[in-house]
Amino acid sequence: MYFNIYTCSQNEHNLGGFDMKKLLSVLMAGTMALSLAACGSSSGGDNTFTFASELDIKNLDSCDADDGTSFNAMHAVIDGLMGVDEDGNVTNAIAEEHTVSDDGLTHTFKLRDAKWSNGEPVTAQDFVYAWQRIIKNVGNYAYMMGSDGAHITGADELIAKTNNGEELTQEDLDTLGAKAEDDQTLVVTLTSPVSYFEELMTFPCYYPINEEFAEVQGSGYAKSADAILSNGAFVMESWTPGSTATFVKNEDYWNADQVKLDKLVMNLVQEPTVAAQNFDSGNNDFAPINSDLVDQYKDDDSFITFKEGFLFYIQPNFQNTDLQNLNLRKALSLAIDREDFATNVLKDGSIEANGFVPEDLSIGPNGQDFRDDAKDFTTYDVEAAQTALNQALQELGKSEITLKLMYGTDESPMDTMATYLQNAFTKLDGLNIEMVATTKQDRIYNKQANGEFDLSCTRWGPDYGDATTYLNLMKSDNVNNYGKWVNADYDALMNQISTESNVETRWNLMLQAEELAMNEYVNIPVFQKGTSALENTSVKGLVFRPVGVPYTFNYVSKEA
């Protein structure tokens, strides 16, 4: 699901059903027709690229960060085993060579000569330490070491221990199937073949960490500019949370010849209107805008739009006895006019969601997109919604139901979606909606984590180009299953998928899994996000990938 916004060529790259030719799109900037302020250089100078972000950087710790803005900043300074090229294709990064055993269970990576910004070499042990650390610290993406991701031997057992509250010893951690054979050789053993393993290695949770440096920093690791090391294209120069982060070119980067920028600036927590104003005044080179600004800018040469990987959806809390009623969840889904919302309200390239797995994510053995092979599970029908609600009220023995709808005000366009949903739901007689406005951090780490919600407006961006990156979310033991839906048949299907080696059988099992979950209205998909943005027409080479790390700045250049 990745494409390079400004590169002319397109290449097909298929990892585990991930069709780059279909997903890579080319959006070329037009002739310069804007004012000098809009199309000229940013305030940082001709060789500075200034990127606006509506959200802040959480931190640069691959054990903890779990959002796109943090991933963008992290990838600017850290390379993993694999990276992406100018066209968005997965390619070698710190790994100079990668070989796989005939049975697909042993991956051997030979590392190139690369340095951390303190002068120390990047070694295989840096990867071993980082992967053990994320499991030991129960990191947000620890589950991706096991059968919900890379299938590394020993990972599931270690994760089970931490889930039971056990503190892992170093002896325990050494059972993980990631070994430093020598400084330049990393050997990873798996429980099952993973066809998209190389793509996984581009994801931040698999990034290396220099053990000595991290241990000295302690709890402050990666929470400030001087508490993070770089082995990537840039070095973090400064970071004022909620304001600005600046990065300078890493002259010791192994691929420094490909890095054209001298400086990268991230303007943080900029509301879209402010970001657009700063773009017009030449203080931003790239600024995502919201639906309210589309009509104002859609005819400008700097206006671009592209499809993101994010699926926005409603997560019902199955601990709420009312929401355990299937007809109530069905009524909620039927009441949403998704096409109207995407086309007439958002107007930013977003599309209605017809299932829980977005389109342009995964290509099957028959060459079909998952969404084309799967059924459509969403329909707009107010009369049917009212009928389902009436049935739910009768089954629950109630005359009306009140549900709290939670959303983050700092997760645009989550607030727009929540308002639209409130209007849609309150058209149903017998259903009352109370709005609960909060922040993304509070929504996820407090209210959702503690089960303090009825309906949560949430979203998920794919970590890799396979349907399981979404389907795993509904497993009973998945850490992101905040709604606590439990279904033994679904878990059994997902377990089959995780070990099935026949690609056609596995594909059909994934189709079955989505159908089971969608027929139960486990999560209620609303729309697949599109993005509208303003881009300085002198900028080339910004790579956008809707899977994993959203933006790669390594190849950005600015024409005079």
Side-chain angles (χ1 to χ4, degrees), residues 1-7 9-28 68 71 84-90 195-196 198-200 202-203 288 304-313 338-339 341-343 346-378 413 459-473 503 506-508 510-511 513-515 517-518 523 525-533 542-552:
M1 285 177 53
Y2 290 49
F3 60 89
N4 183 333
I5 301 176
Y6 302 104
T7 302
S9 62
Q10 294 188 2
N11 296 314
E12 180 169 326
H13 184 73
N14 196 318
L15 288 171
F18 184 65
D19 189 339
M20 293 302 302
K21 184 174 182 180
K22 180 176 180 182
L23 306 181
L24 293 176
S25 300
V26 178
L27 294 173
M28 297 300 296
F71 289 168
V84 297
D85 65 16
E86 299 94 323
D87 298 314
N89 297 322
V90 176
S195 58
Y196 47 90
E198 282 195 344
E199 186 185 339
L200 280 176
T202 70
F203 196 70
I304 60 174
T305 184
F306 48 90
K307 192 184 301 177
E308 289 187 20
F310 277 105
L311 179 81
F312 281 64
Y313 61 99
R338 296 166 175 83
E339 183 177 5
F341 179 63
T343 303
L346 295 179
K347 300 182 293 185
D348 59 359
S350 296
I351 60 174
E352 62 177 311
N354 295 316
F356 198 63
V357 177
E359 65 178 48
D360 293 345
L361 172 72
S362 182
I363 304 299
N366 59 357
Q368 287 283 97
D369 184 270
F370 187 93
R371 195 72 267 133
D372 293 333
D373 258 3
K375 297 177 182 178
D376 288 346
F377 298 104
T378 59
R459 63 181 184 174
W460 186 258
D463 301 326
Y464 50 91
D466 185 78
T468 55
T469 192
Y470 283 93
L471 299 177
N472 283 336
L473 298 176
V503 292
R506 182 177 183 272
W507 185 258
N508 289 326
M510 291 193 292
L511 293 170
E514 187 194 40
E515 182 172 8
M518 290 296 93
N523 289 315
V526 179
F527 72 98
Q528 184 175 342
K529 181 73 171 64
T531 285
S532 295
L542 177 64
V543 181
F544 172 76
R545 305 186 78 222
V547 178
V549 180
Y551 295 94
T552 295

Mind checking whether [X] and [Y] have side chains closer than 4.5 Å, heavy atoms only?
{"X": "Asp466", "Y": "Arg506", "value": "yes"}
{"X": "Glu359", "Y": "Lys307", "value": "yes"}
{"X": "Tyr196", "Y": "Thr468", "value": "yes"}
{"X": "Val84", "Y": "Val549", "value": "no"}
{"X": "Phe312", "Y": "Lys529", "value": "yes"}
{"X": "Tyr470", "Y": "Pro525", "value": "no"}

For the [atom1] atom of [X] and the [atom2] atom of [Y], what is their distance to the nearest 0.5 Å?
{"X": "Arg371", "Y": "Asp376", "atom1": "CZ", "atom2": "CG", "answer": "6.5 Å"}
{"X": "Ile304", "Y": "Leu542", "atom1": "CD1", "atom2": "CG", "answer": "7.5 Å"}
{"X": "Leu311", "Y": "Thr469", "atom1": "CG", "atom2": "OG1", "answer": "11.5 Å"}
{"X": "Asp348", "Y": "Phe306", "atom1": "CG", "atom2": "CZ", "answer": "10.0 Å"}
{"X": "Phe370", "Y": "Ile363", "atom1": "CZ", "atom2": "CD1", "answer": "11.5 Å"}
{"X": "Ile351", "Y": "Glu339", "atom1": "CD1", "atom2": "CD", "answer": "11.0 Å"}

- Message: Between Asp373 and Trp507, is there a side-chain donor-acceptor contact under 3.5 Å, judged purely by atom types and distance?
- Response: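 Trp507 vs Asp373: donor-acceptor pair found between side chains.
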[X] and [Y]: which non-hydrogen atoms are nearest, and at how many Å?
{"X": "Phe310", "Y": "Pro462", "answer": "N-CD, 4.4 Å"}
{"X": "Met510", "Y": "Ala467", "answer": "SD-CB, 3.7 Å"}
{"X": "Phe377", "Y": "Glu515", "answer": "CZ-CA, 3.6 Å"}
{"X": "Val90", "Y": "Thr202", "answer": "CG1-CG2, 4.0 Å"}
{"X": "Ala353", "Y": "Thr378", "answer": "O-OG1, 2.9 Å"}

Please answer whether the main-chain N or O of [Y] pairs with a side-chain N or O of [X] as donor and acceptor at a distance below 3.5 Å.
{"X": "Ser350", "Y": "Ala342", "value": "no"}
{"X": "Ser532", "Y": "Thr305", "value": "no"}
{"X": "Glu514", "Y": "Val357", "value": "yes"}
{"X": "Thr552", "Y": "Val543", "value": "no"}
{"X": "Asp369", "Y": "Asp360", "value": "yes"}

- Query: Is the centre of the Tyr313 ring less than 6.0 Å from the centre of the Phe356 ring?
  - Reply: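 Yes.
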